[in-house]
Amino acid sequence: MRLATWNVNSIRTRHGRVVDWLVNADVDVLAMQEIKCKPEQFPLEPFEAAGYDVVLHGLSQWNGVAIASRLPMTDVQIGFAGQPGFEKGYEGADAPLEARAIGATVGDVRVWSLYVPNGRALDDPHMDYKLRFLRALADDSARWQAENPGAALALTGDFNVVPFDHDLGDPSMIPGVSTHISPAERDAFHAFEQAGLTDVVRPLVPEGYTFWDYKQLRFPRNEGLRIDFILGSAGLADRVVDARIDRDQRKGDAPSDHVPVVVDLHDDDDDDDRPMIF
DNA sequence: ATGTCTCAGTCACTGAGA
């Protein structure tokens, strides 16, 4: 199975590029973020014409997540247990949930498409929301793994955190001032390891950015960020045979500001792909 | 210069979000 994640920054603007890429890159399952539309506005036809079913969660012109798959999807879930809500000017516990998480099972892999809140500024209420979102996601993922020991879980998407200094190429981002690089955000990201989830792309692609701002010639200068990830349970990590970041998708006409991140998994029941141990 | 991009609301712009 070839599994990918891509923050598409409006699927209505980008569906031609996205479907062309799905077909040409021979991708089975694509988790998308920032589709920026409601369900009735999603361009289903080009996906279906190319052989992909789509499940999605979109509430407005903001956020929005989806999964396109040419393999059957089951157990579709909108949002995760304990996901916090947010409403500008209101921080109550019953704030409405945003369209930032959708899960589905493909084969024996539980796939999540996740769009973690940006944070906006270190002292903005959105930053507290971001940290609570990450902690709740790690907690729910740990709980799921305890209930499904050994199973393959993939948390994919735009985490809006730059985990390491070498993932930071944007010179305008200042430690202590900028979002995405603060110790609190990095701690919240690294806590997924304690929850049993590792970055399954990093061992195969140790360097490389997944996002370049549209402003300030960030892509031509290669001043990007690595903020899009595929985190996997041990049961998923054991099956990863290849991974890549498709930097070329930042080129050409009307690109997203993010590029796809891809992993290849061998089938759990396919002994031919595994070393034989006697 | 928040120097670019996207969408809503409304129809040439502003506001919001990233």
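Residue numbers start from 1 in every chain, and the chains themselves are labelled A, B, ... in the order their sequence lines are given, proteins ahead of strands. Note that this is a predicted model, so its numbers are computed, not measured.
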Nearest to the side chain of [X] - [options]?
X: A:Thr13; options: B:dT6, B:dA8, B:dA18; answer: B:dT6
X: A:Trp62; options: B:dG17, B:dA8, B:dA18; answer: B:dG17
X: A:Lys215; options: B:dG3, B:dA8, B:dG17; answer: B:dG3
X: A:Tyr214; options: B:dG17, B:dA8, B:dT4; answer: B:dT4
X: A:Ser10; options: B:dA18, B:dA8, B:dT6; answer: B:dT6

Tightest non-hydrogen contact, residues A:Leu30 and A:Leu22, listed as CB-CD2, 3.6 Å

In short, A:Val27 meets A:Arg2 closest at the heavy-atom pair CG1-O, 3.8 Å

When rounded to the nearest Å, what value does the distance between C1' atoms of B:dT10 and B:dA16 take? 16 Å

For the residue pair A:Phe133 and A:Phe80, is the inter-centroid distance of their aromatic rings smaller than 6.0 Å? yes

Kindly state whether the ring of A:Phe189 and the ring of A:Phe229 have centres lying under 6.0 angstrom apart. yes

Mind calculating the distance between [atom1] ([X]) and [atom2] ([N]) to the nearest angstrom?
X: A:Asp257; N: B:dG3; atom1: CG; atom2: C1'; answer: 16 Å
X: A:Phe42; N: B:dC7; atom1: CZ; atom2: C1'; answer: 17 Å
X: A:Asp213; N: B:dT2; atom1: CG; atom2: P; answer: 12 Å

A:Lys251/A:Asp246 salt bridge by N-O under 4.0 Å criterion: no

Should A:Arg218 be listed as having a side-chain N or O under 4.0 Å from OP1 or OP2 of B:dT2? no

Tell me whether the OP1 or OP2 atom of B:dA18 has a side-chain N or O from A:Arg120 closer than 4.0 Å. yes

Which residue lies toward the 5' end of DNA chain B, A:Ala254 or A:Phe211, if each is placed at its nearest nucleotide? A:Ala254

Of A:Ser60 and A:Gly119, the one whose closest DNA chain B nucleotide lies more 5': A:Ser60

Considering every strand and a 4.0 Å limit on heavy-atom distances, what is the contact class for A:Lys88: base, sugar-phosphate, or nothing? sugar-phosphate

